[in-house]
Amino acid sequence: MAIYLTKESKVLVQGMTGSEGMKHTRRMLAAGTNVVGGVNPRKAGRTVDFDDRAVPVFGTVAEGVRATGADVTVVFVPPAFAKAAVVEAADAGIGLAVVITEGIPVHDSVAFTTYARERGTRVVGPNCPGLITPGQSNAGIIPADITKPGRIGLVSKSGTLTYQLMYELRDIGFSTCVGIGGDPVVGTTHIDCLAAFQDDPDTELIVLIGEIGGDAEERAAAYVREHVTKPVVGYIAGFTAPEGKTMGHAGAIVSGSSGTAQAKKSALEAAGVSVGSTPTETAKLVLARLEARPGEQRQ
């Protein structure tokens with residue numbers, strides 16, 4: 001019941017000894033995440049106590065991998081150091097790098113997502129809340145106590161909307177929730193997650209959350225039409241955004257009909273996706289689709 005992250009995942013935290021890294025490492029451990037180490041060249045050899053768990057600090061990602069077998073890293077380093085952190089993780093053979101850091105220059109994001117992809121490392125983010133497989137593992141800053149394990153897969157550009165849909169659908173629960181981030185360049189796309197959820201036998205329905213700007217949702221709609229047989233429910237943030245004004249953390253800009261919430265909604269609906277006008281309506285659409293009789297085709 002998971003994509004990308006399971007209870008078997010062994011997690012390193014780059015930037016664990018900083019204030020944000022410490023806070024969220026404690027929360028990840030409380031959620032059951034197998035955090036096996038932190039990385040800080042200036043504090044190598046020390047351990048950090050988190051309640052009843054002592055976590056070692058390594059000088060490099062490669063040292064952490066050799067000592068622990070880590071296969072996931074969560075990156076909490078400042079923007080200027082994010083590119084080097086991801087490159088280091090890819091060189092060490094880490095399979096999944098979750099980049100929480102926001103404010104990373106776009107040219108750095110292009111460089112490290114390309115570098116990681118060429119070396120077989122999946123990047124989630126940057127500027128994202130991470131991902132959670134409820135009841136198994138939590139890599140990032142998503143609250144672990146607002147939902148439970150279940151049969152919905154969720155992929156979202158927005159962290160806040162990720163949390164809201166998780167809470168609204170808490171009685172059903174989720175297989176995995178992936179916050180891919182809203183920056184112009186991200187390492188994992190809606191399409192990547194759609195493909196993974198389609199292949200996951202325990203995900204029965206997929207929720208896709210998008211935002212104004214760009215064409216990621218239109219491309220996702222085309223993918224759904226051709227490749228996804230499971231029901232998909234969507235929501236697009238930004239219906240009230242004024243034309244021609246840059247909006248929000250994504251730097252999304254709407255020009256004419258390009259990138260508008262309505263254009264994205266229309267594309268998704270043409271592919272058979274049910275699209276809500278509010279998060280609450282979206283949750284109600286999910287409930288309706290799950291209650292529909294087995295074998296029902298998307299209309």
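- With S158 contributing its side chain and L161 its backbone, the two residues share a donor-acceptor pair below 3.5 Å.
- No side-chain heavy atom of D51 sits under 4.5 Å from any side-chain heavy atom of L29.
- Linking ILVMFWY side-chain heavy atoms closer than 4.5 Å, directly or via other members, places F58 and V77 in two distinct hydrophobic clusters.
- Between V186 and C128 the shortest side-chain heavy-atom distance does not fall below 4.5 Å.
- Of all heavy-atom pairs spanning V273 and V232, the tightest one is CG1-O, 3.3 Å.
- The hydrophobic cluster containing Y163 also contains L208, counting ILVMFWY residues as joined when their side-chain heavy atoms lie under 4.5 angstrom apart, directly or transitively.
- The shortest distance between side-chain heavy atoms of V124 and L96 falls below 4.5 Å.
- When every heavy atom of G140 is checked against every heavy atom of M28, the shortest pair comes out as N-SD, 3.4 Å.
- Side-chain atoms of T114 do not come within 3.5 Å of backbone N or O of A111 as any donor-acceptor pair.
- The closest donor-acceptor contact from the side chain of K157 to the backbone of I180 lies at 3.5 Å or more, if one exists at all.
- Counting heavy atoms from C-beta outward, L165 and Y235 have side chains that stay 4.5 Å or more apart.
- Atoms CD and OG1, on E168 and T282 in that order, are 8.5 Å from each other to the nearest 0.5 Å.
- Nearest approach of K264 to G214, heavy atoms of both residues: NZ-O, 2.8 Å.
- A side chain to side chain donor-acceptor pair (under 3.5 Å) with Y115 holds for exactly one of E118, R119, R117; it is R119.
- Ion pair E281/K284 not flagged as a salt bridge, since none of the NZ, NE, NH1 or NH2 atoms sits closer than 4.0 Å to an Asp/Glu carboxylate oxygen.
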side-chain contact (heavy atoms from CB on, under 4.5 Å), that's the test. Do N40 and M16 meet it? Break it down for me. CA-CA 8 Å; N40 184 331; M16 184 183 76; over 6 Å; no
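- Under a hydrophobic-cluster definition in which Ile, Leu, Val, Met, Phe, Trp and Tyr are linked whenever side-chain heavy atoms come within less than 4.5 Å, directly or via other members, V35 and L12 are assigned to different clusters.
- Put simply, NZ on K230 and CG on D199 are 7.5 Å apart, with the number rounded to the nearest 0.5 Å.
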Task: Candidate pair R219 and I191, rule side-chain contact (heavy atoms from CB on, under 4.5 Å), full reasoning - done: CA-CA 8 Å; R219 287 184 279 115; I191 291 174; 4.1 Å; yes
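- With hydrogens and angles left out, the side-chain atoms of Q262 and S266 include a donor and acceptor closer than 3.5 Å.
- In the hydrophobic clustering of ILVMFWY residues, with side-chain heavy atoms under 4.5 Å counting as a link, V55 and V65 come out apart.
- You'll find the side chain of I132 reaches within 4.5 Å of the side chain of C177, heavy atoms only.
- Remark: of the listed residues I141, I100, T25, I100 is the sole one forming a side-chain contact (heavy atoms from CB on, under 4.5 Å) with V74.
- Residues V86 and V72 are members of separate hydrophobic clusters, defined by side-chain heavy-atom contacts under 4.5 angstrom among Ile, Leu, Val, Met, Phe, Trp and Tyr.
- Of all non-hydrogen atoms in L5 and A2, the two that sit nearest each other are O-CB, 3.3 Å.
- At least one donor-acceptor pair closer than 3.5 Å links the side chain of T33 to the backbone N or O of N138.
- In this structure, OG1 in T68 is found 11.0 Å from CD in E63, a value given to the nearest 0.5 Å.
- The side-chain heavy atoms of D202 and R151, taken from C-beta on, include no pair separated by under 4.5 Å.
- With rounding to the nearest 0.5 Å, the separation of CD1 in I142 from CZ in R27 is 9.5 Å.
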Q. Given the rule in the side-chain contact (heavy atoms from CB on, under 4.5 Å) test, do V224 and I206 qualify, once you have shown the distances and angles that lead to the verdict?
A. CA-CA 11 Å; V224 169; I206 304 165; over 6 Å; no
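- When all heavy atoms of V98 and G130 are compared, the closest pair comes out as CG1-CA, 3.6 Å.
- Listed by chain and number, the residues in a ring-ring contact (aromatic ring centres under 6.0 Å, His included) with H190 amount to none (sequence neighbours excluded).
- Taking CD1 of I172 as the start and CD1 of I152 as the end, the distance is 4.5 Å to the nearest 0.5 Å.
- Listed for the Q136 side chain is a donor-acceptor partner under 3.5 Å among the backbone atoms of K7.
- Tested against T73, the residues Q14, K10, E88 include a single side chain to side chain donor-acceptor pair (under 3.5 Å) partner, Q14.
- Around atom CZ of F50, more than 12 heavy atoms belonging to other residues, nucleotides or ligands sit under 6.0 Å away.
- Closest non-hydrogen pair, C193 versus I3, comes out as O-CD1, 4.4 Å.
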Intermediate values then yes/no, side-chain contact (heavy atoms from CB on, under 4.5 Å), I94 and V61
CA-CA 9 Å; I94 288 283; V61 176; 3.8 Å; yes
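- Counting only distance, with no hydrogens or angles, the side chain of T113 and the backbone of S109 share a donor-acceptor pair below 3.5 Å.
- The distance from atom CD of E204 to atom CZ of R289, rounded to the nearest 0.5 Å, is 12.5 Å.
- Using a 4.5 Å heavy-atom threshold, the side chains of L287 and L169 count as touching.
- Side-chain contact between Y4 and D192 is present, with heavy atoms from C-beta onward closer than 4.5 Å.
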